[in-house]
Amino acid sequence: MNPTFDSAGRFDVKILSSVVTKSNKGTPQIEMRFKRGDGAEINGWMFLTDTPIDGNPEDTPFTRTLETLQKLGFDGNFVTLNDQLKDKSANIVCEFEAYQGRQRLRVKFINPPYTPPEPAEGSLLQQLTKKAFAAQGKPYFPGKTPQPQPAAASTADEDENPPF
């Protein structure tokens, strides 16, 4: 028996399937099946309606679903949706929600796999270093690493003023 998703969080997964179907109420949707590295599986749904979100006709479940699918490599052809996404990596966010009087785990977000950001360029690092030195009231000399200054001798009796 496969382990189950039993906690909220962010998970790296493989897409097992992506099927265009209709909900029990007849709403067009995509049902996706995901599998974690430990074998746990969970379904997620994305709706394909044109109902405006927050009154904005350009922001609909369909446009949001299409944007999400495109980030996963979908080219817009729903006929070949499953073939395009099957076995691709993704990152999902799961959360608990109240549903029909009980708590259940659901897929809240579907994202492309995490990729680490590119490191900042040298010029940006130099600008930030200069800004940090200025904020600390220290002189900044490009290309040179300042040597630490010895601590000033304390005139207070250290037994009366411990450092904690």
Side-chain angles (χ1 to χ4, degrees), residues 1-133 135-136 145 148 162-164:
M1 179 164 180
N2 285 342
T4 60
F5 273 82
D6 55 7
S7 62
R10 180 180 291 271
F11 304 97
D12 292 323
V13 294
K14 288 282 186 190
I15 300 170
L16 297 179
S17 64
S18 305
V19 179
V20 177
T21 184
K22 288 186 177 182
S23 72
N24 293 338
K25 295 180 180 179
T27 304
Q29 66 183 13
I30 296 172
E31 181 176 329
M32 297 180 79
R33 185 88 176 150
F34 304 99
K35 186 174 188 175
R36 248 184 357 211
D38 66 359
E41 296 181 14
I42 191 170
N43 287 353
W45 291 266
M46 293 187 289
F47 295 101
L48 299 168
T49 65
D50 292 322
T51 306
I53 296 172
D54 295 329
N56 181 354
E58 294 179 16
D59 186 12
T60 67
F62 180 86
T63 58
R64 288 186 180 191
T65 295
L66 185 59
E67 181 181 340
T68 296
L69 294 173
Q70 288 171 331
K71 289 178 182 177
L72 296 171
F74 178 60
D75 69 6
N77 183 351
F78 283 93
V79 174
T80 60
L81 171 69
N82 190 56
D83 292 336
Q84 290 181 57
L85 299 183
K86 186 176 174 79
D87 296 323
K88 288 212 173 179
S89 295
N91 184 277
I92 60 173
V93 176
C94 297
E95 71 173 10
F96 283 98
E97 70 173 355
Y99 180 75
Q100 296 181 346
R102 62 181 184 89
Q103 289 289 309
R104 73 171 182 181
L105 193 62
R106 75 174 186 117
V107 176
K108 183 174 183 178
F109 298 113
I110 304 167
N111 302 303
Y114 174 77
T115 53
E118 291 292 321
E121 298 176 6
S123 62
L124 174 59
L125 297 175
Q126 290 296 326
Q127 290 171 1
L128 293 171
T129 301
K130 184 176 180 180
K131 186 175 179 178
F133 273 73
Q136 299 173 60
T145 303
F164 51 116

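Heavy atoms only, all atoms of each residue included: Phe62 and Asp50 are closest at CB-OD1, 3.8 Å. Shown here for Pro61 and Thr49, the closest heavy-atom pair between the two residues is CG-OG1, 3.3 Å. Contact between Leu72 and Ser89 at its shortest, heavy atoms only, is CD2-O, 4.3 Å. Taking every heavy atom of both residues into account, Pro52 and Gly55 meet most closely at CB-C, 4.0 Å. Residue Asn91 comes nearest to Asp12 through the heavy atom pair ND2-OD1, 2.8 Å, listed as atom of the first residue, atom of the second, then distance. In terms of heavy atoms, Ala40 sits closest to Asp38 at N-OD1, 3.0 Å.
Going from atom CG of Asp83 over to atom OG of Ser17 covers 11.5 Å, rounded to the nearest 0.5 Å. To the nearest 0.5 Å, the span separating CG on Leu81 from OG on Ser18 amounts to 4.5 Å. Interatomic distance, Leu125 CG to Thr129 OG1, rounded to the nearest 0.5 Å: 6.5 Å. Between the NZ atom of Lys71 and the CG atom of Asn111 there is a distance of 7.5 Å, given to the nearest 0.5 Å. Rounded to the nearest 0.5 Å, atoms OG1 (Thr65) and CZ (Phe47) are 9.0 Å apart.
At least one donor-acceptor pair under 3.5 Å links the side chain of Gln136 to the backbone N or O of Ala132.
Partners of Gln29 by side-chain hydrogen bond (donor to acceptor under 3.5 Å, both in side chains), not counting sequence neighbours: none found. Partners of Lys131 according to the salt bridge (charged side-chain N to carboxylate O under 4.0 Å, His left out) rule, which considers only residues two or more places apart in sequence or in another chain, do not exist here. The salt bridge (charged side-chain N to carboxylate O under 4.0 Å, His left out) check on Arg102 picks up nothing, with sequence neighbours excluded. Residues meeting the side-chain hydrogen bond (donor to acceptor under 3.5 Å, both in side chains) test with Arg64, sequence neighbours left out: Asp59. Residues satisfying the salt bridge (charged side-chain N to carboxylate O under 4.0 Å, His left out) test with Glu95, not counting sequence neighbours, are Arg106, Lys108.
Two residues are said to be in side-chain contact when any heavy atoms from C-beta on lie closer than 4.5 Å; Thr51 and Thr60 fail this criterion. At a threshold of 4.5 Å between non-hydrogen side-chain atoms, the residues Gln70 and Leu66 count as touching. At least one side-chain heavy atom of Ile15 sits less than 4.5 Å from a side-chain heavy atom of Met32. Side-chain contact between Val19 and Ile30 is absent, with no heavy-atom pair separated by less than 4.5 Å. You'll find the side chain of Val93 reaches within 4.5 Å of the side chain of Arg10, heavy atoms only. Annotation: side chain of Met46 is in contact with side chain of Thr68 (closest heavy-atom distance under 4.5 Å). Val20 is listed as a side-chain neighbour of Leu48, based on a closest heavy-atom distance under 4.5 Å. Using a 4.5 Å heavy-atom threshold, the side chains of Ile92 and Ile42 count as touching.
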Trace of the side chain to side chain contact (heavy atoms under 4.5 Å, CB included) decision for Lys14 with Lys88: CA-CA 6 Å; Lys14 288 282 186 190; Lys88 288 212 173 179; over 6 Å; no
Check the pair Lys35, Val13 against side chain to side chain contact (heavy atoms under 4.5 Å, CB included), reporting the backbone distance first and the verdict last. CA-CA 5 Å; Lys35 186 174 188 175; Val13 294; 5.9 Å; no
Which is it for Trp45 and Thr21 under the side chain to side chain contact (heavy atoms under 4.5 Å, CB included) test, yes or no, and what are the steps along the way? CA-CA 10 Å; Trp45 291 266; Thr21 184; 5.5 Å; no
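Remark: the Gln84 side chain and the Asn77 side chain contain no N/O donor-acceptor pair separated by less than 3.5 Å.
Within the structure, the ring pair (Phe, Tyr, Trp, His ring centres under 6.0 Å) test picks out no pair touching residues 92-131 (sequence neighbours left out).
Enclosure of atom CD in Gln103 by more than 12 non-hydrogen atoms of other residues, nucleotides or ligands within 6.0 angstrom is indicated.
Separation of the Phe11 and Phe5 ring centroids falls under the 6.0 Å cut-off.
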